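We use all heavy atoms of the structure for the numbers below, so side chains are in, but hydrogens, waters and symmetry mates are not. As the structure is a computational prediction, the values presented were derived from the model and not from experiment. We count ligands from 1, going down the list as the structure has it; atoms in each ligand are counted the same way.
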Amino acid sequence: MEVRWGCFAGVFLVGLILGFAEISSGGITSSYVRNANLSLDMPLDSDVFRVPPGYNAPQQVHITQGDHEGKGVIVSWVTPDEPGSKTVLYWAENSEFKNSADGFILKYKYFNYTSGYIHHCTIKDLEFDTKYYYEVGIGNTTRQFWFITPPRPGPDVPYTFGLIGDLGQTHDSNRTVTHYELNPTKGQTLLFVGDLSYADDYPFHDNTRWDTWGRFIERSAAYQPWIWTAGNHELDFAPQIGERKPFKPYTHRYHVPYRASGSTSPLWHSIKRASAYIIALSSYSAYGKYTPQYKWLEKELPKVNRTETPWLIVLMHSPMYNSYVHHYMEGETMRVMYEPWFVEYKVDVVFAGHVHAYERSERISNIAYNIVNGLCTPIRDQSAPVYITIGDGGNLEGLVTGMTEPQPSYSAFREHSFGHGILDIKNKTHAHFGWHRNQDGYAVEADSLWLHNRYWNSFKASSVAAL
Ligand SMILES: *[C@@H]1O[C@H](CO)[C@@H](O)[C@H](O)[C@H]1NC(C)=O
Ligand SMILES: *[C@@H]1O[C@H](CO)[C@@H](O)[C@H](O)[C@H]1NC(C)=O
Ligand SMILES: *[C@@H]1O[C@H](CO)[C@@H](O)[C@H](O)[C@H]1NC(C)=O
Ligand SMILES: *[C@@H]1O[C@H](CO)[C@@H](O)[C@H](O)[C@H]1NC(C)=O
Ligand SMILES: *[C@@H]1O[C@H](CO)[C@@H](O)[C@H](O)[C@H]1NC(C)=O
Ligand SMILES: *[C@@H]1O[C@H](CO)[C@@H](O)[C@H](O)[C@H]1NC(C)=O
Ligand SMILES: [Fe+2]
């Protein structure tokens, strides 16, 4: 009797110790007290929504990567009165010779709204790591901007990405963009994790709020690519007013180079940029087995060459790990489908939005469950990504405050404040992530960690303190 009890206790103790070794119990729920006042959308006559002067002047100018490698740029803009010119003139800094590329024009109606003339023009075969100027418009209402192409993809190419999600167009949204712009660690490309304008929160999804949003973000998105992920606020599915085609405004306005990565839909695609391979997924498109998105991702992950692009980054809107009450477990079905692949292919970090708050996970996985074995608890896993929720851009719905208690052991840090992130890739083994809340000075990191590349690091080097 005594022997059996001792044995049992021994097993219990070992289990307890292993349990603590696998998952630290000390996640942080930040005690920062922010201003709880809900910020409204900036009024239509705000400076950030100003229409550029001149007849039919191009507005809402924005760029994104235009090919798979980073030598292409898609330039998009809207002309309000007439189609105008489809041409983009562009020239390298220190070059007199002006090249031109021709785009095409789209227009759409949504309930009783009619869009302006939406232009998309892909510029191809640019030089890597070069500053280009570009010009859109015609006659005396032309406008000039510039961008810098990324370095050629390669393992030790430093590059800095910004992260913003669920932005909207409130005063808080404006603070987020301002803090991103003034962050002394300059983001070179923005990874946007979905929920752009929140026009759908207006009666009849008033699409003029898509236009104001386009004018609002121009001050950043005309000069550096914003990489798009679709969120639920991009669905604009409203059969009650005759709008039955999901993603209509979004897919007309925001183009991505999806064909270059073999995708059949603009809602999921991948790009290489410097030392990163970025995969954007759609939480609101079918992702189960046999679906187009599933088949694409299944082929896509083995293609990633970590010698060329060591950093594998996944973007999606709905987080797979989220310990807030709001949207709790909404990402669960996609987690069941794709988490085993993320671990198998050693994804470094998964960024999501949707939950209007910030949260960072430990490196954990939960992929052992098979219906009958009962193994359904996240465990420490050094092949697993870090999951970061950054849906705190500052939209009119405000922050979510309710958290599941106690803080689950997989959750390393959580706080509901508005802000943005910076992923600063140093070389093929080290990247630094910082989360910046809007109430702090531009250089302050309210949460940060060193990411050690999952492919190029010996896992033994990782510790709880520095994952
Ligand atoms: C929140 O709004 C109220 C009412 O407008 C105002 O009195 C208060 O000062 C605001 N709080 C902060 C911290 O700005
Ligand atoms: C554009 O140029 C024409 C001809 O010079 C002039 O009449 C017109 O006022 C100009 N428009 C703007 C917006 O400057
Ligand atoms: C669209 O319809 C709504 C509701 O009838 C109305 O308030 C709004 O002014 C209309 N907008 C346009 C552009 O006609
Ligand atoms: C938005 O932020 C910019 C940059 O800080 C500022 O110039 C502008 O006045 C702000 N606009 C509003 C409506 O807050
Ligand atoms: C992976 O990339 C490296 C560096 O660009 C290259 O030398 C190698 O051939 C690539 N491997 C495959 C399988 O394509
Ligand atoms: C990579 O970057 C980290 C952080 O800056 C640095 O400590 C490390 O020495 C670098 N590795 C190489 C091989 O340069
Ligand atoms: Fe969302």
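Tyr250 has its ring centre no less than 6.0 Å from the ring centre of His233. Separation of the Phe161 and Phe351 ring centroids does not fall under the 6.0 Å cut-off. Within the 6.0 Å centre-distance limit, the rings of Tyr387 and Tyr321 are counted as a close aromatic pair.
Interface atoms of ligand 6 facing Trp450, defined by a heavy-atom separation under 4.0 Å, are 4 (C). Every atom of ligand 3 is numbered from 1 in the order shown, and the set under 4.0 Å from a heavy atom of Phe204 is 3 (C), 4 (C). Every atom of ligand 5 is numbered from 1 in the order shown, and the set under 4.0 Å from a heavy atom of Asn305 is 1 (C), 2 (O), 3 (C), 8 (C), 10 (C), 11 (N), 12 (C), 14 (O).
For atom 14 (O) of ligand 6, the protein comes within 4.0 Å by at least one heavy atom. There is no protein heavy atom closer than 4.0 angstrom to atom 7 (O) of ligand 6.
With respect to Asp348 and Lys346, no salt bridge is recorded, no charged nitrogen being found less than 4.0 Å from a carboxylate O.
The OH atom of Tyr258 sits 10.0 Å away from the CH2 atom of Trp268 when rounded to the nearest 0.5 Å.
Residue Asn427 has at least one nitrogen or oxygen atom sitting less than 3.5 Å from a nitrogen or oxygen atom of ligand 6, judged on distance alone.
With hydrogens left out, the protein atom closest to atom 2 (O) of ligand 3 is Asn112 ND2, 2.3 Å, a heavy atom. Taking atom 4 (C) of ligand 5 as the reference point, the nearest protein heavy-atom neighbour is Thr307 CG2, 4.1 Å.
Taking each heavy atom of His317 and His354 in turn, the nearest pair found is NE2-ND1, 3.1 Å.
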